[in-house]
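Here is the structure we will look at.
Along the sequence shown, the residues carry numbers beginning at 1.
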Amino acid sequence: MAIEGRQLPFAEAIDFFNGKVNLPTKKSDDLRHDGHVRGFSVAGVERDDMLADFRAAMAKAQTSGTGLQEFRKDFDAIVDRTGWKFNARGSTDEERRAWRARIIYKTNMRTSYMAGRYKQMTDPDVLRYRPWWRYRHSNAVHPRLTHLALDGKVFAATDPIWKVYFPPNGWGCGCDVEALSDRQLHALGKSGPDPWPLGEQYEGRDPRTGEPEIRYPGIDRGWEYNVGQSWLDGIVPPELREPLKPFGSPPAPAATLPALPAPTPVAAERLLPKVAPDADFVSAFLGEFGLKPGESKLHRDASGAVIAISQRLLEERDIAGNVVAGKAGKNGRGPYMRLIADTIIDPDEIWADWRAVTSGVVLMRSYLKRFVLPGGVNLLARFEWTSKGWIAVTGFDGSATYLQRLRTGALLYRRP
């Protein structure tokens with residue numbers, strides 16, 4: 001399958017791309033790893049309609065086999081129609097457009113292609129006949145030396161290194177993997193796996209959240225995962241991996257959803273008094289994120305997306321931005337503020353769906369989690385976050401009918 005010019009449709013790659021959910025983002029790392037597997041995003045595109053246009057252009061390129069030049073025409077048409085101001089390299093408008101269109105096109109085409117390749121290569125029949133994988137460099141004009149060091153190296157298909165080093169391994173990476181039989185391995189003069197040619201992993205920091213993260217030599221930050229493995233065995237079961245339908249679409253037949261993961265037991269000291277100052281509820285919520293009142297941070301949730309956490313989440317403001325009331329203790333949620341925080345940090349499921357608000361329609365992320373309180377009482381916590389605000393609800397109705405009404409849209413994450 002050619003990446004630059006016209007290409008033949010690749011069914012597995014198309015399946016991978018079709019399962020994505022359109023997720024508006026401000027920056028390229030608003031999503032990470034599994035978040036990119038599940039979500040289609042273009043850094044800096046926050047408008048749903050514009051993102052849908054880019055999605056349609058990519059889908060056309062995949063299904064019709066058109067190449068980069070045709071996608072560039074679509075890119076220019078979207079930019080001209082919307083007036084989108086984007087970040088790109090280049091000293092002229094033409095250079096900047098060419099650079100950005102190429103990045104969008106190659107990133108999506110390459111990840112889709114390699115996800116499809118991984119699915120083919122891990123077919124049990126293929127693995128039995130071809131149990132060895134050989135890293136192949138792309139012969140780029142300006143190669144990464146670490147990728148050159150991997151070129152031709154052979155490792156067992158089951159070797160854990162492929163969980164990280166299965167290409168693409170960075171922006172613009174065109175490396176590939178070739179499956180080999182025992183006979184082909186011996187023809188190369190090898191009797192087993194090669195020694196590892198690069199250094200060891202090391203610890204870095206997420207520049208957005210400050211959280212520690214593991215880095216690997218030769219891998220651009222954010223690319224240290226196997227896109228195919230995350231697609232097939234990642235955070236959303238294949239049978240629940242559906243795209244999000246446009247707002248206003250006719251309702252689909254209710255899906256038969258598996259039960260939520262088992263409820264999480266709650267120790268008595270995790271609960272707060274029923275009656276307490278709102279400030280106590282605020283402090284308890286923020287404390288779960290390592291914050292004090294007045295402090296803020298970006299939190300990367302279990303789906304790989306970033307959400308802003310601060311005291312502002314727990315305040316009601318007027319049109320001028322003045323605080324008029326607190327939200328932490330309203331509607332009886334105060335005693336459970338630690339559990340609501342836990343619902344964001346370690347949810348059972350995260351869903352994306354549309355919500356109509358006064359100013360229009362926004363994309364909503366719903367975090368769901370079930371708990372077992374002291375005495376055996378079941379509690380369901382839900383945190384719904386949008387760019388226009390949030391809603392947190394706790395309740396004791398955990399019936400299948402009630403849960404069905406909450407589990408709508410597209411599933412972004414499910415706790416194992």
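- Every residue meeting the side-chain contact (heavy atoms from CB on, under 4.5 Å) condition with Leu148, not counting sequence neighbours, appears here in chain and number order: His137, Pro143, Leu145.
- Classification of Asp49 and Arg47 as a salt-bridged pair holds, one side-chain N sitting under 4.0 Å from a carboxylate O.
- Heavy-atom neighbours of Arg89 CZ from other residues, nucleotides or ligands within 6.0 Å: at or below the threshold of 12.
- Aromatic ring centroids of Tyr118 and Trp162 lie 6.0 Å or more apart.
- Rounding to the nearest 0.5 Å gives a distance of 12.5 Å between CZ of Arg221 and CZ of Arg205.
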Quiz item: Stepwise, does the salt bridge (charged side-chain N to carboxylate O under 4.0 Å, His left out) test hold for Arg414 with Glu349?
Solution: CA-CA 4 Å; Arg414 178 176 170 83; Glu349 290 180 342; 2.6 Å; yes
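- Partners of Phe281 according to the ring pair (Phe, Tyr, Trp, His ring centres under 6.0 Å) rule, which considers only residues two or more places apart in sequence or in another chain, do not exist here.
- Of the charged side-chain nitrogens involved, at least one lies within less than 4.0 Å of a carboxylate oxygen, so that Arg32 and Glu213 count as a salt-bridged pair.
- Scanning for salt bridge (Lys or Arg N to Asp or Glu O under 4.0 Å) contacts around Asp346 gives Lys369, with sequence neighbours left out.
- Under the rule for a ring pair (Phe, Tyr, Trp, His ring centres under 6.0 Å), Tyr129 has no partner lying at least two apart in sequence or in another chain.
- A pairwise comparison of heavy atoms in Ile340 and Phe383 identifies CG2-CD1, 3.9 Å as the closest pair.
- Residues passing the side chain to side chain donor-acceptor pair (under 3.5 Å) test with Asp301 are Ser303, Arg365, Tyr367, sequence neighbours excluded.
- Checking His33 against Glu224 by side-chain atom types alone, a donor-acceptor pair falls below 3.5 Å.
- Atom CZ of Phe16 sits about 5.0 Å away from atom OG1 of Thr111, to the nearest 0.5 Å.
- Asp15 pairs by the salt bridge (Lys or Arg N to Asp or Glu O under 4.0 Å) definition with nothing, not counting sequence neighbours.
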Practice problem: Kindly indicate, with the supporting measurements, whether the criterion salt bridge (charged side-chain N to carboxylate O under 4.0 Å, His left out) is fulfilled by Arg270 and Glu288. | Solution: CA-CA 11 Å; Arg270 294 282 292 161; Glu288 296 300 297; 3.0 Å; yes
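- Looking at Leu23, Leu51, Asp53 one by one, the single match for side-chain contact (heavy atoms from CB on, under 4.5 Å) with Val42 turns out to be Leu51.
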Self-check item: Test salt bridge (charged side-chain N to carboxylate O under 4.0 Å, His left out) applied to Asp182 and Arg130, step by step
Solution: CA-CA 7 Å; Asp182 286 328; Arg130 297 178 181 271; over 6 Å; no
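- One finds the CH2 atom of Trp99 at 8.5 Å from the CG atom of Asn87 (value rounded to the nearest 0.5 Å).
- Sorted by first and then second residue, the salt bridge (Lys or Arg N to Asp or Glu O under 4.0 Å) pairs with a member in residues 131-142 read Arg134-Glu178, Arg136-Asp151, Arg136-Glu178; sequence neighbours excluded.
- Electrostatic pairing of Asp76 and Arg72 counts as a salt bridge here, judged by a charged N lying under 4.0 Å from a carboxylate O.
- For Tyr216, there are no ring pair (Phe, Tyr, Trp, His ring centres under 6.0 Å) partners at least two apart in sequence or on another chain.
- Distance check, rounded to the nearest 0.5 Å: CD1 of Ile344 to CZ of Phe285 gives 4.0 Å.
- Tyr336 has its ring centre no less than 6.0 Å from the ring centre of Phe371.
- Distance CD/Gln62 to OH/Tyr105: 9.0 Å, rounded to 0.5 Å.
- Residue pairs meeting the salt bridge (Lys or Arg N to Asp or Glu O under 4.0 Å) criterion with at least one member in residues 59-68, sequence neighbours excluded, are Lys60-Glu70, Lys60-Asp74.
- Phe155 pairs with exactly one of Tyr165, Trp196, Phe166, Trp133 by the ring pair (Phe, Tyr, Trp, His ring centres under 6.0 Å) rule, that one being Trp196.
- Scanning for side chain to side chain donor-acceptor pair (under 3.5 Å) contacts around Tyr135 gives Asn169, with sequence neighbours left out.
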Quiz item: For Lys190 and Asp194, what are the C-alpha separation, side-chain angles and deciding distance, and is it a salt bridge (charged side-chain N to carboxylate O under 4.0 Å, His left out)?
Solution: CA-CA 8 Å; Lys190 302 176 188 285; Asp194 286 305; 3.0 Å; yes
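- The side-chain tip of Arg97 does not point at the ring of Phe75 from less than 6.0 angstrom away and within 45° of straight on.
- A search for ring pair (Phe, Tyr, Trp, His ring centres under 6.0 Å) contacts involving Trp171 returns Trp223, not counting sequence neighbours.
- In plain terms, the two heavy atoms of Asn378 and Pro263 that are nearest each other are OD1-CG, 4.4 Å.
- Pairs passing the salt bridge (Lys or Arg N to Asp or Glu O under 4.0 Å) check and including a residue from residues 231-242, sequence neighbours excluded, do not occur.
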